[in-house]
Each structure stands twice: as structure tokens, then as C-alpha cells.
Number of protein chains: 2
Amino acid sequence: MPPRDNLGEFEQLVLLAVFRLKADAYGMRVRQEIETRTNRPTSIGAVYATLDRMESKGLLRSEVGESTPARGGRPKKIFTLTALGSDSLRRSMEALSKMRHGIKMGDLEWLV
Amino acid sequence: MPPRDNLGEFEQLVLLAVFRLKADAYGMRVRQEIETRTNRPTSIGAVYATLDRMESKGLLRSEVGESTPARGGRPKKIFTLTALGSDSLRRSMEALSKMRHGIKMGDLEWLV
DNA sequence: AAGAATTTACTCTACAGTGTAGAAATGCCA
DNA sequence: TGGCATTTCTACACTGTAGAGTAAATTCTT
């Protein structure tokens, strides 16, 4: 009964961003969060495509923001994790943790 | 100059398996390692395709095993991480860690 | 106050790369 | 030769990625 399908790496990053941004989880902001935290350039198209696909899969749910934008601009589309989404995320993180168990970042430094 | 291309999720699992198996890192064994650790069914084709692609990208290097097989069977192809490979792996793990920083597995339990 | 300009954010399209499966082929030993 | 362990091949679905284009809201202009 738990979801069986695995998440891609970018999907995990997006899900994590949505989770930590809470009520502020909309496309542009998600992109910014990923770029500043991971320091990896991320196109806006990649973010939206991924958000939409995950919504189709039922991992995310969305609603149009209600607040008044500061200085104009199109309304935000706020994303939230569904039960399925948080479950998938947890499973993916666990899989990676188990494979990584006991390995420290430093262990990878010296390799030829 | 460090590699810029990102690793997929399964690629990370395979790289981690190769790293921890050391001299015993060959296809069938890698598959087993991933299945038993993450408890996720993994086809042998997926493993080999990924190993080969990563070798092409220069993340892995391979050599034919020299030992005598126990009861017959084709010789093993042993894989090892290259500098590029360990570097990519470290970078991917870091990106995930940064996005995940401060979030505990348990934080994902209660979500609706 | 109407229309234009500005701001912010989202949609669409297309293609390369990764994930996945399983049947078939290969090399080794007895 | 026959059985076994392991790898190779082929094919297709899904994910990653980019960026130009479109849309909705506010503010400026006259």
C-alpha cells in the first residue's frame, strides 16, 4: 500500500524544498531555495515541469495563493506535500541513508 | 573543473554500492547489495546499464576479475570508482544533505 | 480613469539522459 | 556436453533540463 515508485534525484530536491518552505512553496521560490542551498544552477522550466509531474502523480497538491502581492505580479501557485508525497520522500531518503550508512563524506576524498 | 553533471538517484545507489563492496564490486553483487540494504527490488539489467553508462562517463573503471570462480561461471567484471566518480558522488550527497539539513525522518510522518 | 508599462510568476514544447526489465548470449568448470 | 554464474543487448517509459512565450496583478501616465 505504500507507494512503490521511486523518486528521481531532482524530485527529491524539489520535495524537500516544498517541505521546508511550507506556505511559501511556489515555483520561483522553490527554485531559489534549491539554488542557494545546493549552489547548483537550476532552470525555472525544470522546477515547474517537476512540480507539475509530481502533482499528477499525487505527490503534491496545489492551490492559488490568496494574499496580496507586494508590487504586482501574477498570483502564486502554492504547493503542499500529500501523504503520498511525504511517504515517497521518506522512503527515498531512507534508501539513500541505508546505502550510505557508515560512510563519511571524508571517506570519498582520497580515492584515485 | 570538478564534474558539473548531476547523478540520478539510482546512480548514487550504485556508486555507493561499488564504494562499499571494494574488490567485490561486480554486477550481481552490486545488485544484491542494493536489494538487501534498501529492500527495493532491482533488476539486473538496470544495474548493468547504469554501471556501463557511468563507466562511459568516466565515473567508474572496470577490470576482469582474476580469481577462480567457485563452480564455473563467467568471469566477474570488477568496478572501481575513479576520482571523477567519487567527486560526483560526494557532490550529490552534499547537495542532498544541504537540502535536507535540519529535517528529521520523523518530521515527515504526520503530514496530511 | 483608461491604457500602457512594469513586475512577478506560470505554461509550453522539445529533446537528451536516466530508470527499468528480461531474454539471450558468453565463458568457465566438471 | 551440460549446467552454472555472470554479463550483454535491446527497447521503451520516465525524469532532467532549458528558455522563450504567456498571463495576471499593480502602478504609472496623462
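Chain naming here is simple, since letters A, B, ... match the order of the sequence lines and numbering starts at 1 in each. Nothing here was measured: the structure is a model prediction, and the numbers come from that model.
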Query - Whole angstrom value for the distance that separates P of dG16(D) from CD of Gln12(B) - result: 11 Å
**Report entry** Euclidean distance, atom CE of residue Met54(A) to atom P of dT17(D) [Å, nearest integer]
**Finding:** 13 Å
Requested in this report: State whether Ser43(A) places a side-chain N or O below 4.0 Å from either non-bridging phosphate oxygen (OP1 or OP2) of dT17(D).
Outcome: no
Query - Partners meeting side chain to side chain donor-acceptor pair (under 3.5 Å) with Ser62(A) (sequence neighbours left out) - result: Glu55(A)
Query raised in the report: Do Val14(A) and Phe79(A) come close enough that some side-chain heavy atom pair is under 4.5 Å?
Result: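 Side-chain contact under 4.5 Å: no.
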Query raised in the report: Do side-chain atoms of Thr42(B) reach the backbone of Arg31(B) as a donor and acceptor pair under 3.5 angstrom?
Result: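 No; judged by distance alone, with no hydrogens or angles, the pair does not exist.
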Query - Base versus backbone protein contacts along nucleotides 3-9 of chain C [heavy-atom cut-off under 4.0 Å; B, S, -] - result: ----BBB
Pick out the pairs of N or O atoms, protein on one side and nucleotides 16-18 of chain C on the other, that lie under 3.5 Å.
unit_1, atom_1, unit_2, atom_2, d
dT18(C), OP1, Lys57(B), NZ, 2.9

Query raised in the report: Taking only residues at least two apart or on different chains, which pairs with a member in residues 41-53 of chain B satisfy salt bridge (charged side-chain N to carboxylate O under 4.0 Å, His left out)?
Result: none
What pairs of donor and acceptor atoms, side-chain ones from residues 92-100 of chain B against any protein atom, are under 3.5 angstrom apart with sequence neighbours left out?
unit_1, atom_1, unit_2, atom_2, d
Ser92(B), OG, Ser88(B), O, 3.2
Ser97(B), OG, Met93(B), O, 2.8

Query raised in the report: When the nearest nucleotide of DNA chain C is assigned to Gly45(A) and to Ala46(B) on a heavy-atom basis, which residue is associated with the more 5' position?
Result: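 It is Gly45(A) whose nearest nucleotide is closer to the 5' end.
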Requested in this report: Return the set of residues passing salt bridge (charged side-chain N to carboxylate O under 4.0 Å, His left out) with Lys57(A) (not counting sequence neighbours), or none when no residue passes.
Outcome: Glu11(A)
Query raised in the report: Excluding sequence neighbours, so at least two apart, what forms salt bridge (charged side-chain N to carboxylate O under 4.0 Å, His left out) with Arg29(B)?
Result: Asp24(B), Glu33(B)
**Report entry** Under the side chain to side chain contact (heavy atoms under 4.5 Å, CB included) test, residues paired with Ile103(B) that sit two or more places apart
**Finding:**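 Per chain and number, Ile103(B) pairs via side chain to side chain contact (heavy atoms under 4.5 Å, CB included) with Leu16(A), Phe19(A), Arg20(A), Asp107(B).
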